[in-house]
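Input: a single structure, listed below in C-alpha cells.
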Amino acid sequence: MIIGKKTIIRPMEMEDVDFIHGWWNNGEALAYSGLNYGFMMSKAALENRFRHQITSSDMYVSDEKMFIICRKDDMMLIGDISYRNWDKRNGSAEIGLEICDPANRGKGYGRDAMAAFVDFMFRHLNLRRVELTTAESNKAGQALYYKLGFKEIGIARDRYYDSVKDCYTNTLYMDLLRSDWDEIKESILK
Ligand SMILES: CC(C)(COP(=O)(O)OP(=O)(O)OC[C@H]1O[C@@H](n2cnc3c(N)ncnc32)[C@H](O)[C@@H]1OP(=O)(O)O)[C@@H](O)C(=O)NCCC(=O)NCCS
C-alpha cells in the first residue's frame, strides 16, 4: 500500500467495481470532465475492463493500472488514481486523479494522494517523467499540480467536447521530471 499523511492508496478489488460504477455513471460527480451523463457504462463492462488488472499478480505486464484512494482515518473509499500509457522505453507515464465524492474535495486528500502516488511512480516504476492532461478551466486541478512541481508544457485548442457546457474546451498538458521532484519532495512529503 502507498501510505500518505491523510490517505492510503491500495490496489483495486472486484468489490470496488460497485463504487466506481456508481460514480462513473453520475454526471454531477463527473461534471469536471465535461461528461453530463457520466460514462454510461454497465457494471459488466467495467468488470471486463478491470478484471485483468485486478487478477494479474504482475504489476509490470500492463501499461495501465488503477488504484483506490481511501481516507486514512476510516479507510473509506473516496477516489481513484491511476497511470496509463506507461512508456517503458522512455520511462514516462500519464497520471489521472479523482476525488470521486464532491463532499471530500477541498480537504487536502487530493494533494496528499497525488504526492504519495507521484513518489511511488518515480520509485516503484522507476520513471523519469510523469505527465497529465486537464481541462484549461479546471483551476482546482491545476493549482494542485503546480504545487507539486508540475509545469505546463502546452495547450491543445478546442481538443475536447464538454457536454455539460455544450462547448469545445482547451486541453492543458503538464509534466513533472523526477529530477525536479527529487529537489522538492522532502518539503512536500514531510
Ligand atoms: C482536483 C482535485 C483532484 C483536487 O483534490 P482536492 O482534494 O479537492 O484538493 P486539495 O484539498 O488537496 O487541495 C490542493 C490544492 O488544490 C487547490 N484547490 C483545491 N480545490 C480548489 C478549488 N475549488 N479552487 C481552486 N483551487 C483549489 C488549492 O490550491 C489547494 O491547495 P491549498 O489547500 O494549499 O490551498 C479534486 O477536487 C477532484 O477530484 N476534482 C474532480 C476531479 C478532477 O478534477 N480531477 C483532475 C482531473 S485533471
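Bear in mind that the values here come from a model prediction, so they are computed numbers and not experimental data. Whatever order the structure lists them in is the order used to number ligands and atoms, beginning at 1.
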Query - Chi angles and distances behind the salt bridge (Lys or Arg N to Asp or Glu O under 4.0 Å) call for Glu131, Arg129 - result: CA-CA 7 Å; Glu131 63 182 11; Arg129 176 179 176 276; 2.9 Å; yes

Using a strict threshold of under 4.0 Å (side-chain N to carboxylate O), is an ion pair present between [Y] and [X]?
X      : Y      : answer
Asp112 : Lys5   : no
Lys185 : Asp119 : yes
Asp16  : Arg10  : yes
Asp18  : Lys43  : yes

Report summary line: Contact set, ligand 1, heavy-atom distance under 4.0 Å, ordered by chain/number, equals Tyr32, Leu97, Glu98, Ile99, Arg105, Gly106, Lys107, Gly108, Tyr109, Gly110, Arg111, Thr133, Thr134, Asn138, Ala140, Gly141, Ala143, Leu144, Tyr145, Lys147

Requested in this report: Check step by step if ring-ring contact (aromatic ring centres under 6.0 Å, His included) holds for Tyr160 and Tyr168.
Outcome: CA-CA 5 Å; Tyr160 188 75; Tyr168 284 88; 8.9 Å; no

